[in-house]
Amino acid sequence: MTTTDPRDPAARCPCGSGETYGACCGRLHDGTTHAGTAEQLMRSRYSAFAVGDTAYLLATWHPSTRPATLELDTGTRWRFLEIVSTSGGGLLDTDGVVEFRAHHVHDRARGVQHEVSRFTRVDGRWSYVDGRTG
């Protein structure tokens, strides 16, 4: 039987890695492990939007740009993620940039969020700094 709940550990991970949620972003969301690269953090944040995990989104946001609270639009259904390009953000880097397209449906209309996001390490862990939409 195929599940449609993206938080089900056996479901395909929303980030598009091909892994199950439990073996991929679920491990980052529950704190079992941390993102090793800026792209992995970006993918896990996309998955957090898809599963409605605001605590993870806030925890992985850079302290200088993090909002006090975050409310997700429950009417938006995230469909799939495209990584367009990455710059830096590797295992030994301190900063990185990830350009992506996040496809979604809202009020039966398809849409795409195209963003170039900046990431940096804080105390050895990747964090999202900000993004420029395009």
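Sequential numbering from 1 along the given sequence is applied to the chain's residues.
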Which residues, ordered by chain and number, are linked to Leu92 in its hydrophobic cluster, where ILVMFWY side chains connect at heavy-atom gaps below 4.5 Å, directly or through other members?
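So far as hydrophobic clustering goes, Leu92 is joined with none.
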
If you group Ile, Leu, Val, Met, Phe, Trp and Tyr whenever their side-chain heavy atoms sit less than 4.5 Å apart, what else falls in with Val129?
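Other cluster members: none.
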
Establish whether [X] and [Y] are linked, either directly or via other cluster members, by ILVMFWY side-chain heavy-atom contacts under 4.5 Å.
{"X": "Leu70", "Y": "Tyr128", "value": "yes"}
{"X": "Leu28", "Y": "Phe100", "value": "yes"}
{"X": "Met42", "Y": "Leu72", "value": "yes"}
{"X": "Tyr46", "Y": "Val97", "value": "no"}
{"X": "Leu41", "Y": "Trp61", "value": "yes"}

[X] vs [Y] side-chain heavy atoms within contact, under 4.5 Å:
{"X": "Val105", "Y": "Arg79", "answer": "yes"}
{"X": "Ser127", "Y": "Thr60", "answer": "no"}
{"X": "Leu81", "Y": "Pro14", "answer": "no"}
{"X": "Pro67", "Y": "Leu58", "answer": "yes"}
{"X": "Phe119", "Y": "Ser117", "answer": "yes"}
{"X": "Glu115", "Y": "Arg132", "answer": "no"}

Can you sort out the partners of Asp130 under salt bridge (charged side-chain N to carboxylate O under 4.0 Å, His left out), two or more places apart, ordered by chain and number?
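If we apply the salt bridge (charged side-chain N to carboxylate O under 4.0 Å, His left out) test to Asp130, skipping adjacent residues, the hits are Arg118.
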
If the condition is salt bridge (charged side-chain N to carboxylate O under 4.0 Å, His left out), which residues does Glu19 pass it with, not counting sequence neighbours?
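Residues passing salt bridge (charged side-chain N to carboxylate O under 4.0 Å, His left out) with Glu19: none at all.
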
Taking side chain to side chain donor-acceptor pair (under 3.5 Å) as the test, write out the residues that go with Ser64, two or more places apart.
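With neighbours one apart ignored, the set is His62.
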
How close do [X] and [Y] get, heavy atom to heavy atom, and via which atoms?
{"X": "Ser44", "Y": "Cys25", "result": "CA-SG, 3.5 Å"}
{"X": "Val122", "Y": "Pro63", "result": "CG2-CD, 4.4 Å"}
{"X": "Gly36", "Y": "Trp126", "result": "O-NE1, 3.2 Å"}
{"X": "Ser47", "Y": "Cys15", "result": "OG-N, 3.1 Å"}

Between [X] and [Y], is there a donor-acceptor pair closer than 3.5 Å when you use the side chain of the first and the backbone of the second?
{"X": "Asp8", "Y": "Ala10", "answer": "yes"}
{"X": "Asp73", "Y": "Gly75", "answer": "yes"}
{"X": "Arg45", "Y": "Leu57", "answer": "yes"}

Are a donor atom and an acceptor atom from the side chains of [X] and [Y] found within less than 3.5 Å of each other?
{"X": "Glu99", "Y": "Ser85", "answer": "yes"}
{"X": "Arg43", "Y": "Ser17", "answer": "no"}
{"X": "Arg125", "Y": "His34", "answer": "yes"}
{"X": "His104", "Y": "Gln113", "answer": "no"}

Applying ring-ring contact (aromatic ring centres under 6.0 Å, His included), can you list everything that pairs with His29, at least two apart in sequence or on another chain?
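Residues passing ring-ring contact (aromatic ring centres under 6.0 Å, His included) with His29: Tyr21, Tyr56.
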
List the steps, then state whether side-chain hydrogen bond (donor to acceptor under 3.5 Å, both in side chains) holds for Thr20 with Arg12.
CA-CA 4 Å; Thr20 63; Arg12 284 243 174 196; over 6 Å; no

